[in-house]
Amino acid sequence: MILNEVDSSLKVEWSQRDKDQIHKGLQLGKISGSAHSIVVAERVVLNFMQRMSGIATLTKVMADVAYPAIILETRKTAPGLRLVDKWAVWISSLIESTSLGTCDLCIFFIDGLSLRC
């Protein structure tokens with residue numbers, strides 16, 4: 001996505017897939033194309049990968065600690081990064097996704113005998 005915005009001729013070959021366990025030093029993929037375009041896109045791509053990796057890693061740690069309870073993530077994300085952050089949570093594969101906005105989910109609260117939405 002980011003590479004295409006910088007230069008649509010850039011090509012990427014991924015060595016790993018979403019949800020794969022990775023470790024320090026592991027090659028994730030190769031980018032080919034104009035050296036100038038690669039350098040322009042590199043920092044933004046790395047920043048997104050670091051952010052998503054951090055979210056996925058911490059989410060998995062929390063889910064492992066909470067097991068067998070199920071953790072529900074919230075909509076509270078950085079402005080403009082909701083889909084990216086939710087994707088990172090999904091990559092951790094152990095968290096239930098709740099909603100993208102206030103209109104697409106109803107949570108019932110039990111208060112005495114009444115249910116509220």
Trace of the side chain to side chain contact (heavy atoms under 4.5 Å, CB included) decision for M52 with V84: CA-CA 7 Å; M52 292 177 69; V84 173; 3.5 Å; yes
Less than 3.5 Å apart, which donor and acceptor atoms pair up between the side chains of residues 32-44 and the rest of the protein, not counting sequence neighbours?
from	atom 1	to	atom 2	distance (Å)
S34	OG	H36	N	3.3
S34	OG	S37	N	3.3
S37	OG	D7	OD2	2.8

Indicate if L28 and V6 have the same hydrophobic cluster label, given that clusters are the connected sets of ILVMFWY residues with side-chain heavy-atom separations under 4.5 angstrom. no
Should the heavy atoms of other residues, nucleotides or ligands under 6.0 Å from CD of Q21 be counted, would the total exceed 12? no
Starting from the C-alpha separation in whole Å, work towards a yes-or-no answer on side chain to side chain contact (heavy atoms under 4.5 Å, CB included) for K11 and L3. CA-CA 8 Å; K11 303 294 180 218; L3 296 175; over 6 Å; no
Return the minimal non-hydrogen interatomic distance between F48 and I2, and the atom names on each side. CD1-CD1, 3.3 Å
Closest heavy-atom pair and its distance - R17, D20: N-OD2, 2.8 Å
d(L46 CG, S53 OG) to nearest 0.5 Å is 11.5 Å
What's the spacing between L81 CG and I55 CD1 if we round to 0.5 Å? 8.0 Å
What's the shortest heavy-atom distance between A88 and A56, and which atoms? O-CB, 3.4 Å
Do V12 and K30 have side-chain heavy atoms sitting under 4.5 Å apart? no
Could you state whether L58 and V65 fall into the same hydrophobic cluster, counting links through intermediate Ile, Leu, Val, Met, Phe, Trp or Tyr residues with side-chain heavy atoms under 4.5 angstrom apart? no
Check whether any side-chain heavy atom of D85 sits under 4.5 Å from a side-chain heavy atom of R51, and report yes or no. yes
